[in-house]
There are 4 protein chains.
Amino acid sequence: MNKKREIQSSVKDESLIEKRRAQMIRGAVTLFKEKGFHRTTTREIAKASGFSIGTLYEYIRTKEDVLYLVCDSIYDEVHARLDALDVDTGSLDVLITAIEHYYSLIDDMQDEYVVMYQESKSLPKDALRYVLDKEMEMVSLFERLLTECADSGEIAMAPKEIKLAANHLFVQGQMWAFRRWALRDYTIQEFIELQTKFLLQGMAGEKTTLRGG
Amino acid sequence: MNKKREIQSSVKDESLIEKRRAQMIRGAVTLFKEKGFHRTTTREIAKASGFSIGTLYEYIRTKEDVLYLVCDSIYDEVHARLDALDVDTGSLDVLITAIEHYYSLIDDMQDEYVVMYQESKSLPKDALRYVLDKEMEMVSLFERLLTECADSGEIAMAPKEIKLAANHLFVQGQMWAFRRWALRDYTIQEFIELQTKFLLQGMAGEKTTLRGG
Amino acid sequence: MNKKREIQSSVKDESLIEKRRAQMIRGAVTLFKEKGFHRTTTREIAKASGFSIGTLYEYIRTKEDVLYLVCDSIYDEVHARLDALDVDTGSLDVLITAIEHYYSLIDDMQDEYVVMYQESKSLPKDALRYVLDKEMEMVSLFERLLTECADSGEIAMAPKEIKLAANHLFVQGQMWAFRRWALRDYTIQEFIELQTKFLLQGMAGEKTTLRGG
Amino acid sequence: MNKKREIQSSVKDESLIEKRRAQMIRGAVTLFKEKGFHRTTTREIAKASGFSIGTLYEYIRTKEDVLYLVCDSIYDEVHARLDALDVDTGSLDVLITAIEHYYSLIDDMQDEYVVMYQESKSLPKDALRYVLDKEMEMVSLFERLLTECADSGEIAMAPKEIKLAANHLFVQGQMWAFRRWALRDYTIQEFIELQTKFLLQGMAGEKTTLRGG
DNA sequence: TATGAATGAGCGTTCATTCAT
DNA sequence: GATGAATGAACGCTCATTCAT
């Protein structure tokens, strides 16, 4: 797995770094959400963070570092909340719970989530790779749970269906964050229920062999 | 429905405008795909279009106009191809065909599609609304087809399920354009088949009243 | 010999480039002389050149390019004026004339000369090498003339003395430019005469073998 | 003579001031040599000196103070070594010894010497004057020795020749420090011998009256 | 109609200096 | 006395846009 990138800071006090970066992330997310990464200036980020432009640059080296920090902090949160789940042995129940937790999490962090996926393309190459890796981890988790359900006979899906379904689940999460305006009639609970229902019904059929198998 | 926005041009000859703008769109899509809207300069667009920066500004007023032109031309193409379908009376067959056409179309215009959804947030307010309207039209088409199937009893779905499913179909299209790297094992044919299968199976159950209603 | 470095310009009209760069050089020399390269801002250079900061950057890529242009133009001038001399066959007369021309030239271009040698250390690596090469050419010219005089018996100097004397002549030129304030009692004519006299008398002795030869 | 400038310090303990400034000078010379005054940051100076940026500013008021301290310490050293000479009554022997000592000293302190003459132009006005005064003292010393030799009949030089020769000797010292790369074939001993020889031969002729005297 | 030189507001970033601890 | 986090003026440079030719 890709290692977390160290963002250089000329400040030595680690706990201060953490505190200031938390301020930065909070400020930056709001701005990035509102006007995007490119239209947000470093001065605005500094101001929204509650300190001066000089201080901002004591904690990062480039503007892109801020974006990376935002993306990384989201994944830290995602992992923290998903690790709380006991996900070691996959079963239908576990899968359903995982979906529920995942979509709830996205609901809680909507802004951050949108920023991450809308702006991460502006990350420098290696930072982008790191973020993409994290995304793949997420998809893989769903894939693993589905596979284990299939292995235990709880669901009937071919491997290729599983992979697609895993991507499915992931992308529907993005949908909840990105297209809230189109889904404003739904509560997160309804959304979760319907997604789960679709998935389970979608899996109900016999395994498909593609091309009229 | 939102009216098409007029992009001002200081040139009179309509057919020339059309020709130059076509050049512009072709050049811009490549560049936007490669480096995004913000990292692409107007000079680069002019060069890729085969004329000078001065000429570029004879046919648009702002850089954002180029982006609007790109987005608009994509929708023109989408409509052209979807209108070829006889979609007046919805039925399961029509729905299935519509899905097929829609995903094939996205497959053909992958670059343009990605650009449109990745960069359209940079559009000025009213242009963005226009593009979003077009998107909603697309979703509405699926919604209408599904509703008509439900009305005729071909499928069993509650209105709220239909709406979500329509969004579903739309977003899965984006997935095919955006996440091709994660789906490189699938052909567009496989993708269409599996999506259709999931949808039909997902609809197989009885109508759900949310939250155990 | 090191090739002249091409300074990129986004302007195409060669004669315009030449004209604008001449303006730039004139403006920059004054400023560099007055406050040095580092204390001079690009905005000041633009203003002194008679155009805007944007225009400045149409004709160069970096601030260091300006310095290079200054240095290079000096050498062009030096060569133009020294090539006027018929210097093909060295003789005492030719040597004396060369010295005279060289010091006169420095006298005429005092400001430029000072700037070049005071600031050239701020040039990027390869540009610095180019300028240093030009300097060495100049020293080599003196070395050649002295050697030819020695070969023809007009002067009596060992090779090592010749080399040092060549550097001597070069450095005394710098002295005239740099230490004018200390030499304000002298006219350029006096300076030339005395330098020539010192040199000729200095060469009058027998060839020295170093260390009590 | 110009009085030594007091550099303010908020620290009281004089011996501590001396110690810290010695650290500063040592660190700064290395850095200035390597990258010049302007490209060296105060943070780097502090680090190279072995203390924090805050501490640096306890012993100076501005960055230029550091440069002044460097220049001043060099002259202290120069004077200390030249005062060891008994130079009260000038004679040819004393002159020759003075030259020898002076060039040897430059050879020993090459780095410092280069820094002083390359960067002193960045000194504030009054500090620059002080350093220039020190330089003039040096030239005057040679001038005095030459004059005394002329008075005693040991050499034949007109006053104007003497002044120029004094500058000559001074500038050749700079040459040894600045152009070592061009003189790498010579040892300091050879250099001293040749310079001395040139000078004495140059003085051998009859007194010149300028302009065809 | 087409060109491309000119413009300057505004960006990301640096760094000398201060001052609370 | 020593520290180093905080500050913000100022820098080099870019680029969307204009307009004379």
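The model shown is predicted, which means the values in this text are computed figures rather than measured ones. In what follows, every chain begins at residue 1, and chains take the letters A, B, ... in the order their sequences are listed.
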Of the nucleotides [options], which one has an atom closest to the side chain of [X]?
X: C/Thr41; options: F/dG1, F/dC11, E/dT1; answer: F/dC11
X: C/Arg43; options: E/dG10, E/dG8, E/dT1; answer: E/dG10
X: A/Lys63; options: F/dA6, E/dA2, E/dT13; answer: E/dT13
X: D/Ile53; options: F/dA5, E/dA16, F/dG1; answer: F/dA5
X: C/Lys12; options: E/dG4, F/dG1, E/dA2; answer: E/dG4

Give the rounded distance in Å between these two atoms: [atom1] of [X] and [atom2] of [N].
X: C/Glu44; N: F/dA10; atom1: CD; atom2: P; answer: 12 Å
X: A/Leu31; N: E/dC11; atom1: CG; atom2: P; answer: 13 Å
X: C/Glu58; N: E/dT7; atom1: CD; atom2: P; answer: 10 Å
X: C/Asp65; N: F/dC13; atom1: CG; atom2: C1'; answer: 12 Å
X: B/Asp13; N: E/dT1; atom1: CG; atom2: C1'; answer: 10 Å
X: A/Glu64; N: E/dT13; atom1: CD; atom2: C1'; answer: 13 Å
X: D/Lys47; N: F/dT3; atom1: NZ; atom2: C1'; answer: 16 Å
X: A/Lys35; N: E/dG10; atom1: NZ; atom2: P; answer: 12 Å

Exercise. Taking atom types as modelled, is there a side-chain donor on D/Gln23 or D/Arg20 under 3.5 Å from an acceptor on the other?
Worked result: yes
For this session: By nearest nucleotide on DNA chain F, pick out whichever of A/Phe51 and C/Thr62 is the more 5' one.
Result: A/Phe51
For this session: Tell me which of D/Leu16 and C/Thr42 sits closer to the 5' end of DNA chain F, going by the nucleotide each one is nearest to.
Result: D/Leu16
I want to check one thing: is the phosphate of [N], taken as OP1 and OP2, less than 4.0 Å away from some side-chain N or O of [X]?
X: A/Arg20; N: F/dA6; value: yes
X: D/Tyr57; N: E/dT17; value: yes
X: D/Thr55; N: F/dT3; value: yes

Seminar exercise, completed: DNA chain E nearest-nucleotide lookup for B/Leu56 and A/Arg61: closer to the 5′ end is B/Leu56
Exercise. Taking the nucleotide of DNA chain E with the closest heavy atom to each, which residue, B/Gly54 or A/Arg39, is nearer the 5' end?
Worked result: B/Gly54
Problem set entry | Sugar-phosphate, base or nothing in reach of A/Thr40, heavy atoms under 4.0 Å | sugar-phosphate
Exercise. Out of curiosity, D/Leu56 CG to D/Arg43 CZ, how far, rounded to the nearest 0.5 Å?
Worked result: 11.0 Å
Exercise. About how many Å separate NZ of C/Lys63 and NE2 of C/His38, when rounded to the nearest 0.5 Å?
Worked result: 6.0 Å
Problem set entry | D/Lys19 atom NZ, neighbour heavy-atom count above 12 within 6.0 Å | no
Exercise. Across all strands, who's sitting opposite E/dT13 as a Watson-Crick or G-U wobble pair, both distances under 3.5 Å?
Worked result: F/dA10
Exercise. Does F/dT21 have a Watson-Crick or wobble partner in any strand here, with both distances under 3.5 angstrom, and which is it?
Worked result: E/dA2
For this session: Check for a donor-acceptor pair, side chain of B/Lys4 on one end and backbone N or O of B/Asp72 on the other, with a separation under 3.5 Å.
Result: no
Problem set entry | side-chain contact (heavy atoms from CB on, under 4.5 Å) assessment of B/Ile7 paired with B/Arg21 | CA-CA 10 Å; B/Ile7 302 297; B/Arg21 287 189 177 167; 3.5 Å; yes
